[in-house]
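The structure appears below as structure tokens.
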2 protein chains.
Amino acid sequence: MRYKISPMTTGRDTQTQGGTGRTRGRPRSFDRATALEKALMAFWEHGYEATSVSDLTRVMGIGAPSLYAAFGDKRTLFDEVVRVYAGTHGAFADRALAEEPTAREGIGRMLREAAAEYTDPSHPYGCLIVHAATNCTSAEVEALLRERRNAGIAALESRIRADVVAGLLPAGTDAAALARHAGAVIQGMSQQARDGAQREELEALAKIAMTIWPHD
Amino acid sequence: MRYKISPMTTGRDTQTQGGTGRTRGRPRSFDRATALEKALMAFWEHGYEATSVSDLTRVMGIGAPSLYAAFGDKRTLFDEVVRVYAGTHGAFADRALAEEPTAREGIGRMLREAAAEYTDPSHPYGCLIVHAATNCTSAEVEALLRERRNAGIAALESRIRADVVAGLLPAGTDAAALARHAGAVIQGMSQQARDGAQREELEALAKIAMTIWPHD
DNA sequence: GTCTTTCTGTAGCGACCGCTAGGAAAATCT
DNA sequence: AGATTTTCCTAGCGGTCGCTACAGAAAGAC
């Protein structure tokens, strides 16, 4: 049958390169990173529960035992998918906050980029962290994403608070409310992207949302 | 095969007490409206997919055949639950929009009441229409709630547009963006209520969200 | 009472769920 | 070459899913 080996990618991509060709047994017939990305897309589109293991094996192009050997169980695979997502497709928010000189500019850029990212037709709409584990029979999986969402809002708040301390924002600024507002807007944008909103509509939403900031 | 005709069974004998005495066979051993409310709470808390029929029969206190006889299949029961929710717990938005003299006051009241409603400890947090059918294997059920969400935003937009026409808002007002913003905020508030936000926090969010309106 | 109608509980259907045993296949090591 | 290690495929495990056949139970109609 099919054997598209590509021996260099087989053993390396898993963890640290190590240099020593350590593959003793039969080499893996699929690229782990590619399969992981397929799993990411499936979980992103349909969520944790609605993506069955047989869905995963189909889109990843591998059998169930290969999946369990390479990624652990479904839950462990989802954990890894969430980490990958946060470091790639979902990293624009942290980047915007870190690279812009003020909280206001950072959040403005974050919302503008969210409008583009959440409606990008090259992948599922919206945000995986917002949607992939709602209504989940596993409380632990639900908690995994909830904590990421709440951590995101907390990061916004501390970034805003830093600008208040630095005198870039008025002393009476309600950092918590500003952070919650930005969080609500980005979560709502994700929902609306899933519901069919266009990029331009979300950009207009992002723009108007930024007018709440002091001295605009 | 199936003979579930009897137009009275669907909703007639629900609460019209024995005045007309239509009941021929063995009377129902449970109150239909009460059982429906229990189903509503279960769907509200866990969503459509994650609420199994055996969950439903347990919280409703009836057997599966009784459920199917009284409410049709799971999907039909969910449809009815959504209608009941929209007419009760979810009716505050339409009410605020209809009763306040301006779009701005209506939306302000809507967001304030959402903060209270979504964090009310006497029932599940957040909004059933936002959360109960995300990541659903049934595309039809997902579409059912998506259309209600989009209709809600469209209603906001037309209410705002009416105020623009009436001269209550500046001629250049971006009604669509204002409506999308209010929709995103209320959807985000629902998400944050589910994630543990307190009423006061959501009220502060609602308040700051209203500062985007012209001449505030 | 008996008949008819409707509801209730038991018990189980086929389909799918997440997951894994077991053996054949494909590589390296000696 | 054989031995060893690791992956792959087939097949199927126990469990739950939504849903229903069936027979007994509880009411009005006669």
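Numbered from 1 within each chain, the chains take letters A, B, ... in sequence-line order.
Of the possible polar contacts, one joining the B:R194 side chain to the B:E45 backbone as a donor-acceptor pair under 3.5 Å is found. B:T57 places no side-chain N or O within donor-acceptor distance of the main-chain N or O of B:G63, the cut-off being under 3.5 Å.
When the P atom of D:dT16 is taken as reference, atom CZ of B:R58 falls 12 Å away, rounded to whole Å. Atom C1' of nucleotide C:dC7 and atom CG of B:D31 are separated by 15 Å, given to the nearest angstrom. Straight-line distance from the CZ atom of A:R28 to the P atom of D:dT7: 6 Å, rounded to whole Å. A:F30 places its CZ atom 13 Å from the C1' atom of D:dC9, with the value rounded to the nearest Å. In this entry the distance linking CZ of B:R32 with P of C:dC7 reads 11 Å, nearest Å. When rounded to the nearest whole Å, the span between CZ of B:R24 and C1' of D:dA29 equals 5 Å. Taking atom CG of A:L67 as the reference point, atom P of D:dT10 lies 16 Å away to the nearest angstrom. Distance CD1 (B:I62) to P (C:dT6): 18 Å, rounded to an integer number of Å.
A close approach under 4.0 Å does occur between a side-chain nitrogen or oxygen of B:S29 and OP1 or OP2 of C:dT8. Here A:S66 does not reach the OP1 or OP2 of D:dT7: none of its side-chain N or O atoms lies under 4.0 Å away.
Across all non-hydrogen atoms, the minimal contact from A:G126 to A:A193 is N-CB, 4.0 Å.
The stretch residues 128-141 of chain B participates, sequence neighbours left out, in these salt bridge (Lys or Arg N to Asp or Glu O under 4.0 Å) pairs: B:R75-B:E140.
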Distance-only donor-acceptor pairs under 3.5 Å for side chains of residues 180-189 of chain B, two or more places apart:
from   : atom 1 : to     : atom 2 : distance (Å)
B:R180 : NH1    : A:Q192 : OE1    : 2.5
B:R180 : NH2    : A:E201 : OE1    : 3.4
B:H181 : NE2    : A:H181 : NE2    : 2.9

Sugar-phosphate means primed atoms, P, OP1 and OP2; the rest is base. With that split, encode nucleotides 13-21 of chain C 5' to 3' as B, S or - using protein heavy atoms under 4.0 Å.
----SSBBB
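For an aromatic pair to be called close, the ring centres must be under 6.0 Å apart, and B:F78 with B:F43 satisfies this. You'll find the ring centres of A:W44 and A:H89 inside the 6.0 Å limit.
In this structure, of D:dA27, D:dT7, C:dT28, it is D:dT7 that holds the atom nearest to the side chain of A:R26.
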